[in-house]
Amino acid sequence: MNYIDWFGFVGVVQILLAYFLNVTKKVSTNNLVFILLNLVGASFACLASILLNYVPFVVLEGIWAVVSFYSLIKYYK
């Protein structure tokens, strides 16, 4: 695996970990851990998609990161 694969892998693992923790009732969607896992994970996956020049996932992960960032702003308000 090259560094692009690692960025994508780490990002996807973080997103899936957030989902798993939420489904198993370990964290809620309003929890800072959930928000940060999604924000960092989506950002890493988006970066990997940009480096791979794969536009559909750039859009998907980019929007995911923006929504997560919005959630982070709401969390601190």
Side-chain angles (χ1 to χ4, degrees):
M1 283 181 30
N2 61 33
Y3 74 97
I4 297 172
D5 294 330
W6 279 107
F7 274 120
F9 179 76
V10 169
V12 169
V13 166
Q14 289 181 352
I15 293 169
L16 291 173
L17 178 60
Y19 178 71
F20 175 78
L21 292 172
N22 179 253
V23 168
T24 59
K25 308 285 190 229
K26 304 290 185 203
V27 298
S28 73
T29 57
N30 298 322
N31 188 294
L32 184 59
V33 171
F34 179 83
I35 294 167
L36 290 176
L37 281 170
N38 273 294
L39 177 59
V40 175
S43 297
F44 272 50
C46 185
L47 175 61
S49 299
I50 289 168
L51 295 172
L52 289 171
N53 198 29
Y54 194 65
V55 176
F57 279 98
V58 171
V59 172
L60 172 71
E61 300 301 342
I63 291 172
W64 198 308
V66 168
V67 170
S68 298
F69 186 69
Y70 173 75
S71 296
L72 183 64
I73 291 170
K74 268 183 52 178
Y75 178 84
Y76 280 112
K77 281 189 176 182

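Residues: numbered from 1 along the sequence shown.
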Tell me which donor-acceptor pairs under 3.5 Å the side chains of residues 15-33 have, and how far apart each pair is, sequence neighbours excluded?
from	atom 1	to	atom 2	distance (Å)
Asn22	ND2	Val27	O	3.2
Thr24	OG1	Phe20	O	2.8
Thr24	OG1	Leu21	O	3.3
Ser28	OG	Asn30	N	3.3
Asn31	OD1	Val33	N	2.7

Pair up each side-chain donor or acceptor in residues 1-12 with any protein partner under 3.5 Å, not counting sequence neighbours, and list the distances.
from	atom 1	to	atom 2	distance (Å)
Asn2	OD1	Ile4	N	3.0
Asn2	OD1	Asp5	N	2.9
Asp5	OD2	Asn2	N	3.4

Which donor-acceptor pairs under 3.5 Å do the side chains of residues 39-54 make with protein atoms, sequence neighbours left out?
from	atom 1	to	atom 2	distance (Å)
Ser43	OG	Leu39	O	2.7
Ser49	OG	Ala45	O	2.9

Donor-acceptor contacts, no H, no angles, side chain residues 56-67, under 3.5 Å, sequence neighbours left out:
from	atom 1	to	atom 2	distance (Å)
Trp64	NE1	Asn38	OD1	2.8

Leu72-Leu37 co-clustered via ILVMFWY side chain contacts under 4.5 Å: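 Hydrophobic grouping puts Leu72 apart from Leu37.
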
Listing request: all side chain to side chain donor-acceptor pair (under 3.5 Å) pairs with a residue in residues 65-77, at least two apart in sequence or in separate chains.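 Applying side chain to side chain donor-acceptor pair (under 3.5 Å) to every pair that reaches into residues 65-77, excluding sequence neighbours, yields nothing.
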
